[in-house]
Asker: 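Please see the structure below; I have some questions.
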Amino acid sequence: MIDIAQLRREPDVVKAALARRGVDGAVLDSIIALDVAHRQRLQEAEKLRADVKELSRQVGEARRTKDNETAEALTAQSRELGGAERAASEASDELAATLRGELLMIPNLPSEDTPDGADESDNVEVRRWWVGMDDGAPFPTYGEHQRMPHWEVAKELNILDLEAGVKLAGSMFPLYRGDGSRLLRALGAFALDQHRDAYEEIRPPSFALTETMMSTGHLPKSQDDMYAIERDDLWAIPTAEVPLTSMHRNEILDASVLPIRMTAQTPCFRREAGSAGRDTRGLLRVHEFDKVELFAYCLPEQAPAAHADILARAEGLLQKLGLTYRVLDLCAGDLGTSSARTVDLEVFSPGVDRWLEVSSVSWFRDFQARRANVRYRTESGTQFVHTVNGSALAWARIWAAVVETFRLEDGSVTIPDVLVPYLGGQTHLVAPTS
RNA sequence: GGAGAGGUGGGUGAGUACGGUUUAAACCACAUUCCUGCUAAGAAUGCGACCUGCGAAAGUGGGUCCGAGGGUUCGAAUCCCUCCCUCUCCGCCA
């Protein structure tokens, strides 16, 4: 949530920043007007409330001194004021609710570093990485054997059963089998181990309360992209960011414990409501996938380093896996609702001949912390923490990139060295001999 | 799922039978200062969060918060209703 006090204090700055991501200034003007009206009503209600309290105190006093006549008179007077107080409070509460509803729909202010731009075509490519780059190797040219889409590779090796997934849960719910399932498991275990030096491993619930989903900004704005379990008033999490951000909800932390860094692998559920018919083949876009997330609560001044650390770790995993990738600085228009700055990592997958987003590393400033009410103590009071997070990594697309990139001419697939221990020493995926 | 007991500030914990000097006692912890003096002890003071008014600021006025949300009342930690959570026992279960 943006800071209403800042909007009050410097409306032009906020408007200019949000204009970069397409927010109409008129919306902000109406919020400012609501805010003024709300505080006016609040003042009226509080004044009346104070009067009622004072009268009630006097009633008590009169009763004690057995002055029933005075007590009756004061009670009548207070009752009358009470009616006015109730009306004023209701008006104030209603305005407050409207105001909050409006504020929850306003996205975060882009950071100064975030490039200008309207949509994903304006994202800025920062760099590319590929195996051998440092030794002067040119950008990879991929052989014909690597140009087979992963769903075909998987069919040959019998490691993915998309038809079975459809039978069980409908389209875009993949089912991995045999070595395919083991490969997926290896990826997650490998990544979690890589982060053990600095990030506490968490295994959170895969469902979250509405309040929890609000904190990260996934609700109310992206409601249609979330799976709802209405009977129990729960939502399926779209990323571990959701539970991790709420770990310390409504808490005031000692500054000395920051940064708090956590990592978690969870299933991620996404309805992909706006993208029906797009990327329907294979693992390019699925309703459920596993992902390891890195997350940090930090002091504002720690946030840039925390962001850089998560980015470096995500890149480090890609490099250890030997996958070609590029780094994109997201432009203001393509930023997620809650983010002030986001850097995406896209892996190149030769079989489908596309760059696939496999990580999104974001700095939210205090936007999520304000919603989640996570603060730390300072000498002069409390401040909201900053939150930073990033995927490291999203495995469905990595899985696809691995089986495409490392496919050999004989049709088998080489397991990246770093994963071999996690597959019990197995070095290749080979077609079953039947 | 059933029965019972509970949920009060950072912690412990009074207050709830009977609504009003409770603006939530006391203790611990914590902070500052003083005294003392050496791996101690003592004294004084302070000690929440949020919203909001006035003020340049220091500050100061008001409101809200006793698990959550409603209700009754001139007035609710206290009475009523719904829900959540914790503990004990029973049932069921990987």
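All figures in this text were calculated on a predicted structure; none of them were measured in a lab. To find a chain, count down the sequence lines: A is the first, B the second, and so on, and within it residues start at 1.
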Asker: Has Lys53(A) got a side-chain N or O lying under 4.0 Å from the OP1 or OP2 atom of U64(B)?
Answerer: yes

Asker: Leu55(A) has an atom CG; how far is it from atom C1' of U73(B), in whole Å?
Answerer: 15 Å

Asker: Hey, is A17(B) sitting syn or anti, using the within-90° cutoff around 0?
Answerer: syn

Asker: Remember a base hit wins even if backbone is also touched, and classify Leu74(A) as base, sugar-phosphate or nothing at under 4.0 Å, heavy atoms.
Answerer: nothing

Asker: How about Pro110(A) and Arg341(A): do any of their side-chain heavy atoms sit closer than 4.5 Å?
Answerer: no

Asker: For the C1' atoms, the ones on A3(B) and on A29(B), what distance do you get once it is rounded to whole angstrom?
Answerer: 39 Å

Asker: Rounding to the closest angstrom, what is the interatomic distance between G11(B) and C30(B) at atom C1'?
Answerer: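 That atom pair is separated by 11 Å.
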
Asker: I'd like to check Ile202(A) versus Thr263(A) (side-chain heavy atoms, cut-off strictly below 4.5 Å). Are they in contact?
Answerer: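 No, every pair of side-chain atoms sits at 4.5 Å or beyond.
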
Asker: Between A25(B) and U86(B), how far apart are the P atoms? Round to whole Å, please.
Answerer: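 Per the computed distance, 30 Å lies between those P atoms.
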
Asker: When the P atoms of C66(B) and G7(B) are compared, how many Å lie between them, rounded to an integer?
Answerer: 14 Å

Asker: Taking only the P atom of each, what is the distance from C90(B) to A17(B) in whole angstrom?
Answerer: 34 Å

Asker: Has Arg397(A) got its NZ or CZ under 6.0 Å from the middle of the six-membered ring of Trp399(A), at an angle within 45 degrees of the ring axis?
Answerer: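 Arg397(A) over Trp399(A) ring: no.
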
Asker: Quick one: sort the Tyr227(A) and Phe173(A) rings into parallel, tilted or perpendicular, breaks at 30° and 60°.
Answerer: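 Taking Phe173(A) first and then Tyr227(A), their aromatic rings sit tilted (interplane angle of 30° to 60°).
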
Asker: What is the distance from CD of Glu85(A) to P of A76(B), rounded to the nearest Å?
Answerer: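 It is 10 Å, rounded to the nearest whole Å.
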
Asker: Mind checking the C1' distance from U16(B) to A76(B)? Whole angstroms is fine.
Answerer: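 It comes out at 11 Å once rounded to the nearest Å.
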
Asker: Below the 4.0 Å mark, does C50(B) have OP1 or OP2 next to a side-chain nitrogen or oxygen of Thr382(A)?
Answerer: yes

Asker: Rounded to the Å, how far apart are Asp67(A) CG and G20(B) C1'?
Answerer: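 After rounding, the reported distance stands at 15 Å.
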
Asker: For the backbone of Glu241(A) and the side chain of Thr245(A), can you confirm whether one donor and one acceptor N or O come within less than 3.5 Å of each other?
Answerer: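 Here the side-chain-to-backbone pair exists.
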
Asker: Taking atom P of G75(B) as reference, at what distance in whole Å does atom CD of Glu72(A) sit?
Answerer: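 That distance rounds to 14 Å.
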
Asker: To the nearest Å, give me how far apart CG (Leu48(A)) and P (U64(B)) are.
Answerer: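 Taking atom P of U64(B) as the reference, CG of Leu48(A) is at 12 Å.
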
Asker: Whole angstrom is fine here: how far is it from CD1 in Ile252(A) over to P in C50(B)?
Answerer: 6 Å

Asker: To the nearest angstrom, how far is Asp93(A) atom CG from U64(B) atom C1'?
Answerer: 11 Å

Asker: For nucleotides G37(B) and C47(B), find the distance between their C1' atoms and express it as a whole number of Å.
Answerer: 27 Å

Asker: For the rings on Tyr297(A) and His248(A), is their centre-to-centre separation under 6.0 Å?
Answerer: yes

Asker: Can you tell me how far P of U64(B) sits from CD of Glu46(A), to the nearest Å?
Answerer: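 Atom CD in Glu46(A) sits about 8 Å away from atom P in U64(B).
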
Asker: Taking donor-acceptor contacts at under 3.5 Å, does the side chain of Arg49(A) reach the base of G63(B)?
Answerer: no

Asker: With a 4.0 Å limit, can you tell me whether Arg375(A) has a side-chain N or O closer than that to the phosphate oxygens OP1/OP2 of A49(B)?
Answerer: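 Checking Arg375(A) against A49(B): no side-chain N or O falls below 4.0 Å of OP1 or OP2.
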
Asker: Roughly how far apart, to the nearest Å, are C54(B) and U73(B) at atom P?
Answerer: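 My reading of the P atoms in C54(B) and U73(B) gives 35 Å.
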
